[in-house]
Amino acid sequence: MSSAEKYRALKGMRDVLPPDIYVWQKIEGIASGLFASYGFSEVRTPVAEATGLFTRGIGEGTDIVDKEMYTFEDKGGRSISLRPEGTASVVRSYIEHQLHTLPSPQKFYYAGPMFRYERPQSGRFRQFYQIGVEAFGSSSPALDAEVISMLRHFLQRLGLDQLVVQVNSIGCAACRPGYTGTLISFLGERQGELCPDCQRRHAQNPLRILDCKVPQCIALRQGAPKVMDHLCADCRQHMELLQHLLTGLEIPFVLNHEMVRGLDYYTRTVFEVTSGDLGAQNAVAAGGRYDRLVSECGGPDVPAFGFAVGMERITELVKKTLPAVHPAPSAFLALLGAQALYEGLRIADRLRTAGIWTETGDHTASLKSQMRKADRVAAAFVIIIGDDELAAGEFRWKKLADGTGGSAPFSALSSFFCGCS
RNA sequence: GUGAGUGUAGUUCAAUGGUUAGAGCACUGGAUUGUGGUUCCAGUUGUUGGGGGUUCGAGUCCCCUCACUCACCCCA
């Protein structure tokens with residue numbers, strides 16, 4: 001707590017240690033297994049990219065690129081940024097490696113740290129982890145439905161099956177301008193009464209007015225036209241079929257006409273999964289369709305769909321539902337004396353080779369303190385090795401859970417642990 | 001960037017402005033020879049986040065600063 005000399009993790013960045021790390025590993029294991037069954041392959045992209053990739057992809061005028069990026073100049077004078085999200089990097093990679101020449105759709109997932117310079121709070125960090133998926137090359141709502149279904153199964157496997165998906169469509173290049181026009185004319189003269197942020201949005205990105213939480217803005221948009229009612233025929237069809245498919249897949253969802261998402265690249269489908277058990281930062285997973293991002297980043301005209309889940313937020317929820325795991329050694333070798341140390345290390349070596357988690361005690365310490373240590377690390381069995389045992393060719397053992405014990409020849413040690421580990 | 005709350009031992013917390021800042025847990029050792037947990041005994045750790053001020057006297061009151069937490073904002 002004291003001295004300013006001590007190093008600590010940077011603000012908003014933290015260590016993931018046991019026992020939490022076991023929760024992380026479990027989540028990642030479930031993700032990779034499940035995603036594989038949907039045909040998604042892992043990709044690993046660099047954590048840093050040219051700044052322009054993010055400003056162009058995510059969009060200037062968004063908070064993320066305007067004030068939250070870790071941007072610096074490298075020694076060659078290039079502007080570099082730590083990725084604030086994963087999609088732009090995967091899109092860059094897709095274009096750079098001409099993956100559109102492979103059969104569509106191409107489906108990828110990634111897991112890793114993202115960086116945003118924000119004020120930390122519950123569920124929000126400057127370095128945070130996302131597991132994300134991106135699928136390229138299909139504009140069919142079937143893709144939207146399958147990917148959302150995959151997310152749903154992922155959450156279910158983690159015991160988070162009561163979470164509801166919120167869905168909306170924000171239209172496309174053909175119909176969105178028309179809608180924002182009617183939204184603006186609906187507000188009309190009263191736009192001056194909007195909050196300062198919305199005054200700015202009014203000009204830059206009128207859609208964002210829809211999810212402003214300032215009371216006067218909520219009041220002003222009462223009865224405002226809904227995006228969903230102003231979609232072009234294609235977008236409307238897309239949305240209708242998506243809802244039909246989601247229903248068929250038995251995915252509980254609600255339409256949220258005011259959800260628009262904070263990134264510029266979305267088209268048509270946007271969705272979000274939130275939790276009531278988290279605090280203010282309650283979005284657990286979110287994503288949508290981005291049919292123009294690939295071409296806007298210099299690639300071919302390829303539609304895509306994706307989402308990201310926030311690891312820190314997921315782990316918080318998972319920790320509430322699943323019991324904590326405390327991995328413990330199967331064998332603890334209590335060693336008494338120098339000869340026991342010599343033989344004990346050879347024995348530990350054999351057990352470990354057989355895949356049995358084995359710990360060894362301090363051969364100079366008393367048996368009592370070694371027993372105590374074995375208990376503290378919750379070892380299943382203590383194997384006692386001292387001069388007596390070596391002379392007799394038999395080890396003594398004790399099962400800590402019930403205090404039972406006995407002895408057995410050293411030659412039977414490995415088989416002793418079969419089925420116990 | 002804005003606002004609020006909190007900073008005392010490794011940790012959780014005590015200490016009407018008044019001696020040398022305490023306790024539980026944890027940790028280490030021991031309780032007649034080589035058997036854990038329960039119990040008993042002993043031991044270790046603090047510039048009370050840092051700096052300044054008020055006062056005869058500050059962990060306690062005031063100011064500044066730093067850190068953490070939560071919220072706004074934004075988002076996963």
Side-chain angles (χ1 to χ4, degrees), chain A residues 1-6 8-12 14 58 62-69 83-87 111-132 151 195-198 200-201 208 211-214 259-263 270-275 278-288 306-317 332 334-337 340 361-363 365-389 396-407:
Chain A
M1 290 270 141
S2 49
S3 152
E5 305 294 319
K6 284 186 179 165
R8 18 182 338 139
L10 298 180
K11 182 196 287 287
R14 57 176 200 170
I58 299 168
T62 63
D63 283 14
I64 290 178
V65 317
D66 282 359
K67 44 190 198 189
E68 294 176 2
M69 283 214 293
R83 61 183 182 194
E85 57 102 53
T87 300
M114 308 296 161
F115 303 84
R116 290 181 201 170
Y117 194 86
E118 296 182 274
R119 196 77 168 264
Q121 74 185 73
S122 180
R124 188 171 73 185
F125 305 90
R126 289 184 174 178
Q127 175 174 333
F128 60 101
Y129 287 76
Q130 286 186 336
I131 298 179
L151 171 61
C195 72
D197 280 335
C198 282
R200 188 171 44 77
R201 290 170 182 141
R208 302 292 323 266
D211 76 346
C212 180
K213 296 174 203 90
V214 174
M259 178 182 63
V260 299
R261 315 285 312 129
L263 288 71
V270 293
F271 74 101
E272 200 169 287
V273 179
T274 56
S275 165
L278 276 179
Q281 306 299 317
N282 61 2
V284 156
F307 70 78
V309 309
M311 274 297 281
E312 287 83 355
R313 295 177 188 181
I314 290 278
T315 56
E316 277 311 299
L317 294 175
F332 187 99
L335 308 173
L336 302 164
D362 174 358
H363 74 287
S366 67
L367 178 60
K368 176 191 282 290
S369 77
Q370 293 190 62
M371 290 294 293
R372 195 182 299 160
K373 176 75 72 63
D375 185 59
R376 277 198 46 233
V377 299
F381 289 88
V382 176
I383 303 300
I384 299 170
I385 301 170
D387 292 340
D388 297 350
E389 287 73 17
R396 306 179 71 82
W397 60 270
K398 183 166 186 179
K399 184 178 182 183
L400 290 183
D402 57 16
T404 58
S407 55

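Proteins come first, then strands; the chains are lettered A, B, ... in the order of their sequence lines, and each starts at number 1.
When the P atom of rC68(B) is taken as reference, atom CZ of R14(A) falls 14 Å away, rounded to whole Å. Between the P atom of rC75(B) and the CZ atom of R126(A) lies a distance of 17 Å, rounded to the nearest Å. One interatomic measurement links the two molecules: NZ of K368(A) to P of rG29(B), which rounds to 11 Å at whole-angstrom precision. Rounded to whole angstrom, the span from the CG atom of L278(A) across to the P atom of rC70(B) amounts to 12 Å. Between the C1' atom of rC70(B) and the CZ atom of R124(A) lies a distance of 11 Å, rounded to the nearest Å. Here rU35(B) presents its P atom at 17 Å from CG of D362(A), a figure rounded to the nearest Å. As a whole-Å value, the separation of K67(A) NZ from rC73(B) P is 11 Å. For the pair I64(A) CD1 and rC73(B) P, the interatomic distance rounds to 16 Å; values are reported in whole Å.
Across all strands shown, I314(A) has no heavy atoms under 4.0 Å from either base or sugar-phosphate atoms. Heavy atoms of G279(A) sit under 4.0 angstrom from primed sugar atoms or phosphate atoms, though from no base atom. If you check every strand for non-hydrogen atoms under 4.0 Å, Q370(A) touches nothing. The residue R396(A) sits close to a base: some heavy atom pair falls under 4.0 Å. Looking at heavy-atom distances under 4.0 Å, E316(A) makes no contact with the nucleic acid at all. V284(A) comes within 4.0 angstrom of sugar-phosphate atoms only, judged by non-hydrogen atoms across all strands, and of no base. Among the heavy atoms of the strands lying under 4.0 Å from A308(A) are primed sugar atoms or P, OP1, OP2 only; no base atom is included. Looking at heavy-atom distances under 4.0 Å, D66(A) makes no contact with the nucleic acid at all. Contact annotation for R208(A): backbone-only contact, meaning every heavy-atom pair under 4.0 Å involves sugar-phosphate atoms and none involves a base. Here F332(A) lies out of heavy-atom contact (under 4.0 Å) with every strand.
A side chain to side chain contact (heavy atoms under 4.5 Å, CB included) with P84(A) is found for exactly one of I58(A), L263(A), D63(A), namely I58(A).
In a base pair of the Watson-Crick type (N1 to N3 plus N6-O4 or O6-N4) or a G-U wobble (N1-O2 and O6-N3), with each distance short of 3.5 Å, rG29(B) is matched with rC41(B). Pairing for rG1(B) goes to rC72(B), judged as Watson-Crick or G-U wobble with the two contacts each under 3.5 Å. Across all strands shown, rA67(B) forms a Watson-Crick or G-U wobble pair, both distances under 3.5 Å, with rU6(B). Remark: rU19(B) base-pairs with no nucleotide; criterion is Watson-Crick or G-U wobble with both hydrogen-bond distances under 3.5 Å. With a cut-off of 3.5 Å on both Watson-Crick or G-U wobble distances, the partner of rU48(B) is given as none.
Both tests do not hold together for R83(A) against F115(A): distance to the six-membered ring centre under 6.0 Å, angle to the ring axis within 45°.
With C1' as the reference atom, rG46(B) and rC13(B) are 15 Å apart, rounded to whole Å. One C1' atom belongs to rC73(B), the other to rU16(B), and the distance between them is 43 Å to the nearest Å. Using C1' as the reference atom, rA4(B) and rA23(B) are 32 Å apart when rounded to the nearest Å. Taking atom P in both rA58(B) and rG1(B), the straight-line distance is 36 Å, to the nearest Å. Spacing between rG30(B) and rU12(B) at atom C1', rounded to whole Å, works out to 27 Å. Taking atom C1' on both nucleotides, rG22(B) is separated from rA14(B) by 7 Å, rounded to a whole Å. Nucleotides rC72(B) and rG29(B) have their P atoms positioned 49 Å apart, rounded to a whole Å. The P atoms of rU20(B) and rG59(B) are separated by 11 Å, rounded to the nearest whole Å.
When the side-chain nitrogen and oxygen atoms of Q121(A) are compared with OP1 and OP2 of rA71(B), one or more of them lie within a distance under 4.0 Å. The phosphate of rC68(B) has OP1 or OP2 within less than 4.0 Å of a side-chain N or O from K11(A).
When atom types are taken as modelled, the side chain of Q127(A) and the backbone of R14(A) share no donor-acceptor pair closer than 3.5 angstrom. Of the possible polar contacts, none joining the Q130(A) side chain to the E85(A) backbone as a donor-acceptor pair under 3.5 Å is found. Under a 3.5 Å cut-off, the side chain of R116(A) and the backbone N or O of I64(A) do not form any donor-acceptor pair. A donor-acceptor distance shorter than 3.5 angstrom exists from the side chain of E389(A) to the backbone of G386(A), with no hydrogens or angles considered.
When distances are taken from the side chain of I384(A) to each of rA31(B), rG34(B), rC72(B), the shortest belongs to rG34(B). Distances from the side chain of R8(A) to the nucleotides rA67(B), rG34(B), rC72(B) place rA67(B) closest. Looking at the side chain of N282(A), the nearest of the listed nucleotides rG34(B), rC72(B), rC75(B) is rC75(B). Checking rC75(B), rG29(B), rC72(B) against every side-chain atom of S369(A), the shortest atom distance belongs to rG29(B).
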Shorter than 3.5 Å, N or O on both sides, protein versus nucleotides 37-42 of chain B: list them out with atom names.
residue: rG37(B); atom: O4'; partner: D375(A); partner atom: OD2; Å: 3.2

N/O to N/O distances under 3.5 Å, protein versus nucleotides 2-6 of chain B:
residue: rU2(B); atom: O4; partner: R119(A); partner atom: NH1; Å: 2.4

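Y129(A) places none of its side-chain heavy atoms less than 4.5 Å from the side chain of T315(A). You'll find the side chain of I385(A) stays beyond 4.5 Å of the side chain of L336(A), heavy atoms only. Using a 4.5 Å cut-off on side-chain heavy atoms (C-beta onward), F381(A) and F332(A) make no contact. Using a 4.5 Å heavy-atom cutoff, the side chains of V284(A) and T274(A) are not in contact.
Salt bridge annotation for R200(A)-D197(A): present, with a cationic side-chain nitrogen under 4.0 angstrom from a carboxylate oxygen. Salt bridge absent: E118(A) and R126(A) never bring a charged side-chain N and a carboxylate O closer than 4.0 Å.
The shortest non-hydrogen separation linking R313(A) to N282(A) is NH1-N, 4.4 Å.
Both Y117(A) and Q130(A) lie near RNA chain B, and the one whose nearest nucleotide falls closer to the 5' end is Y117(A).
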